[in-house]
Amino acid sequence: MDGILALAAENLLSPIILFFALGLLAAFAKSDLSIPEAIAKGMSIYLLFAIGFKGGASVADHGIDATLLMSLLLGVILSFVLPVIAFVLLRGMSRLDVTDAAAVAAHYGSISIVTFVAATSVISSAGLTSEGYMVAVAAVMEAPAILSALWIIARYGKAGAAMEEGLMREILLNGSIVLLVGSFLIGWVTGAEGMDRIAPFIVAPFQGVLCLFLLDMGLVAGRGLRSARAVLTPGLLLFGVVMPPIGAMLGLGAGLMLGLSTGGVVLFMTLCASASYIAVPAAMRVALPEANPSVYLTLSLGVTFPFNLTLGIPLYLAVASAVTGG
Amino acid sequence: MDGILALAAENLLSPIILFFALGLLAAFAKSDLSIPEAIAKGMSIYLLFAIGFKGGASVADHGIDATLLMSLLLGVILSFVLPVIAFVLLRGMSRLDVTDAAAVAAHYGSISIVTFVAATSVISSAGLTSEGYMVAVAAVMEAPAILSALWIIARYGKAGAAMEEGLMREILLNGSIVLLVGSFLIGWVTGAEGMDRIAPFIVAPFQGVLCLFLLDMGLVAGRGLRSARAVLTPGLLLFGVVMPPIGAMLGLGAGLMLGLSTGGVVLFMTLCASASYIAVPAAMRVALPEANPSVYLTLSLGVTFPFNLTLGIPLYLAVASAVTGG
Amino acid sequence: MDGILALAAENLLSPIILFFALGLLAAFAKSDLSIPEAIAKGMSIYLLFAIGFKGGASVADHGIDATLLMSLLLGVILSFVLPVIAFVLLRGMSRLDVTDAAAVAAHYGSISIVTFVAATSVISSAGLTSEGYMVAVAAVMEAPAILSALWIIARYGKAGAAMEEGLMREILLNGSIVLLVGSFLIGWVTGAEGMDRIAPFIVAPFQGVLCLFLLDMGLVAGRGLRSARAVLTPGLLLFGVVMPPIGAMLGLGAGLMLGLSTGGVVLFMTLCASASYIAVPAAMRVALPEANPSVYLTLSLGVTFPFNLTLGIPLYLAVASAVTGG
Amino acid sequence: MQTHKAKRVEITIESVMETRLTTALIKAGVTGFTVLPVLGGSGRSGQWNREGQVSRAGGMVSVVCIIRPERLDGLLDAAFSMVDRHIGLVTVTDCEVLRAERF
Amino acid sequence: MQTHKAKRVEITIESVMETRLTTALIKAGVTGFTVLPVLGGSGRSGQWNREGQVSRAGGMVSVVCIIRPERLDGLLDAAFSMVDRHIGLVTVTDCEVLRAERF
Amino acid sequence: MQTHKAKRVEITIESVMETRLTTALIKAGVTGFTVLPVLGGSGRSGQWNREGQVSRAGGMVSVVCIIRPERLDGLLDAAFSMVDRHIGLVTVTDCEVLRAERF
Ligand SMILES: Nc1ncnc2c1ncn2[C@@H]1O[C@H](COP(=O)(O)O)[C@@H](O)[C@H]1O
Ligand SMILES: Nc1ncnc2c1ncn2[C@@H]1O[C@H](COP(=O)(O)O)[C@@H](O)[C@H]1O
Ligand SMILES: Nc1ncnc2c1ncn2[C@@H]1O[C@H](COP(=O)(O)O)[C@@H](O)[C@H]1O
Ligand code: NA
Ligand code: NA
Ligand code: NA
């Protein structure tokens, strides 16, 4: 228990968390601090490029693991299953209607790549490594949850939530997935030699860029919370901090079943615990325009993201270490 | 004297000055070279982030200095006093009316963070260090001058320059100050450990980014000068190069009184000598829309900024070295 | 022959080529992956700044070569001559009218700085160096081809293609040339000392930025090809891959005549082989608005650029090595 | 100078719907349109701002379409089918154009 | 398709005044507005361009507001109180809207 | 509030022609204009998009000009001489302005 607290405290005082907090505070104080949209998008491209490439290069380095395919498969299954759990919880804990509840559920089945990046940074601070292909697991977990949510609506909700033609293709080929998977494959193909060439760009400055990026996330989350706090009923708020550990427990089970390293288990837990705020909201605006965006964005970005960043990840790390004995 | 000239010559041939000159030339020659607005804003965010964090980390390293609070206090006082001096000079040297003169005066009481950054780069080339908290002094000197100018108008000008409700808050919480102070505090809290993590992002590439940023400043200053040279009467031009050394002398006095290091004295002189072209113009557009922006922007950005960059800083360094014997 | 193939294969598996291919694929698959315009422009500013500065610093290091002036002169002459060859070929191989053929010809007489950058990266991977002033040769080869094309039209086409007043000045002072030449001169003046200061910004991360930039180029080229494939008749397509080697042969002759190093010869060949897609299209829109932009942009960016990047540069390197015995 | 009567239709819609809208417009026989960026706005679903969007889902664009008056109804039907379930705004203004042969 | 008469008010104003203007509009009972970026322009106070602004003070935005005709006067009063001392431009155009219940 | 009749002329033109157009407008006696960015569009010369332009040649801008009705013809002549050979669009709308003394 002491270990967890120490870990959480150390995490809370890391520059990336503090810059996130600075962004939150600046937003609450109505400062006009803002990162230009193009710069924010540029930084997220950088992060996807770097994390994908490093994952691929690490696979090239360690060789293909027998569990690679099984990890991908379990990831897909969890992304399908998590929204169902989230939906049931939401219907019990809040007064959201079927559409809104399904839309929120889709977000919790999918993943947040920035939370994933933050977790890799925490585990490497803790001296742990992880399977490079966890990046690929992250990629395959983005989309299935969206299908799950649409299925829930078709089953329990009004008609009219049919999967629009072309939408699935759009989701699978969205920019983030293509860049992440593409960089992963290129990192894999070019291996150590490729890594040598671009390491000064993607390794050394990584933490610094992440700080600025999280500053922006803090600003965005803070502004979102400020303008949408009305939608945050106590039930929803509770869901936003209870669902992540539930997801993480499933991720823990999967990670242990696969026999992943301690670091890999933490990443699997983090993926299951995190909620999407980029790919899924866009898909929801097209497929379920009736669902209220302030509900799902405020929950995933304003509640669950900060929770995971500050308390969640250290908790998952502590639990995984205890269980794997790593 | 020889020493000053050598120093000035060396400074004039440094990459940052030469890129500033390139920008000026390109603007005068009507080249269409331009840095996208988002990139320019991104670079200024980077500079504030880096300079703030480094200042904080250095305070963490050297411990809190007894003179920290006194430095902040003197900074605030100087920022209040400088506009009065500037106003008196302007009324004597130029034909600006009370409103325009007060608006210009506000700029000279406040500071230019890029001039400050350039000075840190010059003193470190000269092998000197400075107190990390000079960054905090820079932050507290941004706003008081605006109040001073409004007070001058209320006293000597027409009515109608009342401080609009909410404006003070807006000035104190403007993005630059929040980012600078926030990064300073985070650098202080995370100290050497935080620095280790993000040094490859904020230390190594700093000079290169500064070159590109000054290229942009040269472009902007050059275009401003070209389109607004009509407003530059000889009296105003003279003010633009006479006011900085006067400010610097006050800064010298303050620095000596505080017993700062030679580098710290140079930075204090530079702060007093520099004129704002970001925070104050924005405040003036809200509080004093009648004041002519081409007068104050041309003077601070087109005259005083290049003066300080090229001749001013080496001069302040020479004087401070001579006086402190450093 | 084996050497060439090995070289080409190695080149094809380098990160920069693979990221270009990723961009092409993403565009063909209609992914919404895109790099914000400001970031793309920011990266191209970075590349011009870095390549110019490094060229200048290298000239400062190695001293002025007696052949510098001769190289510039030959560059200008080739840029004048190449459009005439291209025009004759186009009229024979395609059914373009005089205006369109002349517009395309102008692109092939001018140069593509990104192709040049890619070639410097290939020759340095091959352990070769080159004359720093090749950057200056690149700069002087941008504009003459435009004059050539206008002369062709005045001679063979309809009236109305007179050189508009101010256009020449605009071409010579376009942002890319000013930045490239300016950085070259500053690199030259500040030499090794300047280089030391900004090397961590322009050397270490260079390859990584180039990867992201080529990803964007792939996206743009792919989207261009997809929407404009109708204009690509077999004759034009053939021209797009035949003209580069022809240009390269002239560049080979020039390089040998000048006695350049093997690396320098490769760069000269690459300059002659590459086709402009930034400066010349802009000039054509002003001077020859009747010419169809999808023809010239698709050819230079969609056909010749990928050809040079993948097969051309390794070919030129192999030929130059064989001929110079380097 | 000779001008011709036309209609200027302006459709403000979520970015994520842009391609769907323009595809529908082209299907409805529109010969051209221009897309303008939108920085922010306010309406029944609250206030928003471009800087401070992490999500592709955020943001809007404004699609401007100049057409001959007789084609207005077809265009409005196409536009309406898009904005119906979605956030969006459709306004129509009378205008005059040069070079009517282009529309 | 059924359309309804409305007014399109376009206010071009310095960026630094944007929040003040929109606050005043909301106070004047406006139910929505859209903010468009402005790249540059020219007027009595000279020519300017967005690329090449170091200062937050530079730059303008264009605020577009669709309202029922009967609310025009209230809006114009609010707008005028803003542009009065400041650089700015207010134009009003007649237009038609779909879905009038939204205004 | 007192308003005055004016014309709103909107010229959508390739970015590369922007300076030439505004110079011509000023020569034609126009006292002010505002330049808006354009994200993308479609017309007879195909569809295009700002993100995905390597070339300065790509891209368009929209120049908006408010003038007194009696000056319309001079402006249209100037605009037409620019868009004639180039890609571009000119529309004119009736509008009302505050502060007519500024035009
Ligand atoms: N009356 C209006 N005038 C101008 N733009 C509006 C108006 N109402 C809504 N909008 C725009 O349409 C968006 C969505 O509106 P709504 O669906 O009412 O939330 C807003 O964010 C504004 O950009
Ligand atoms: N006649 C006009 N038509 C369109 N925009 C204008 C006009 N006059 C002024 N503007 C815009 O308003 C800004 C300020 O105008 P001014 O106050 O006259 O300097 C200019 O920079 C333009 O963006
Ligand atoms: N009917 C139209 N309505 C609005 N914008 C148009 C229209 N036609 C053309 N445009 C714009 O003008 C540009 C060039 O048109 P075009 O010359 O027809 O290719 C297009 O890319 C659009 O941005
Ligand atoms: Na999840
Ligand atoms: Na000062
Ligand atoms: Na060439």
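The structure displayed is predicted, hence computed values, not measured ones.
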Considering all heavy atoms, the nearest [X]-[Y] contact:
| X | Y | answer |
| --- | --- | --- |
| C:Ser183 | B:Phe19 | OG-CE2, 3.6 Å |
| C:Ala38 | B:Ala38 | CB-CB, 3.9 Å |
| B:Ala204 | C:Pro200 | O-CB, 3.4 Å |
| C:Arg197 | B:Gln207 | O-CB, 3.5 Å |

*Which portion of C:Ile39 sits near chain B, non-hydrogen atoms under 4.5 angstrom*: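 Looking at C:Ile39, backbone and side chain both touch chain B.
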_Segment of C:Val178 engaging chain B (4.5 angstrom heavy-atom cut-off)_ = both
With a 4.5 Å cut-off on side-chain heavy atoms, are [Y] and [X] touching?
| X | Y | answer |
| --- | --- | --- |
| B:Asp32 | C:Leu173 | no |
| C:Arg169 | B:Lys30 | yes |
| B:Leu13 | C:Thr190 | no |
| B:Ser14 | C:Glu193 | no |
| C:Ile198 | B:Val209 | no |

*Applying side-chain contact (heavy atoms from CB on, under 4.5 Å), run through C:Phe53 and B:Cys211 and close with a yes or a no.*
CA-CA 11 Å; C:Phe53 197 95; B:Cys211 285; over 6 Å; no
What's the spacing between [X] [atom1] and [Y] [atom2] if we round to 0.5 Å?
| X | Y | atom1 | atom2 | answer |
| --- | --- | --- | --- | --- |
| B:Leu33 | C:Ile45 | CG | CD1 | 6.5 Å |
| B:Ser31 | C:Ile177 | OG | CD1 | 9.5 Å |
| C:Leu179 | B:Ser34 | CG | OG | 11.0 Å |

*Identify which part of B:Leu210 has an atom lying under 4.5 Å from any heavy atom of chain C, answering side chain, backbone, both or neither.*
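It is neither, since no heavy atom gets under 4.5 Å.
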_Ring centroid separation C:Phe201 to B:Phe206 under 6.0 Å_ =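 No: the rings miss the under 6.0 Å criterion.
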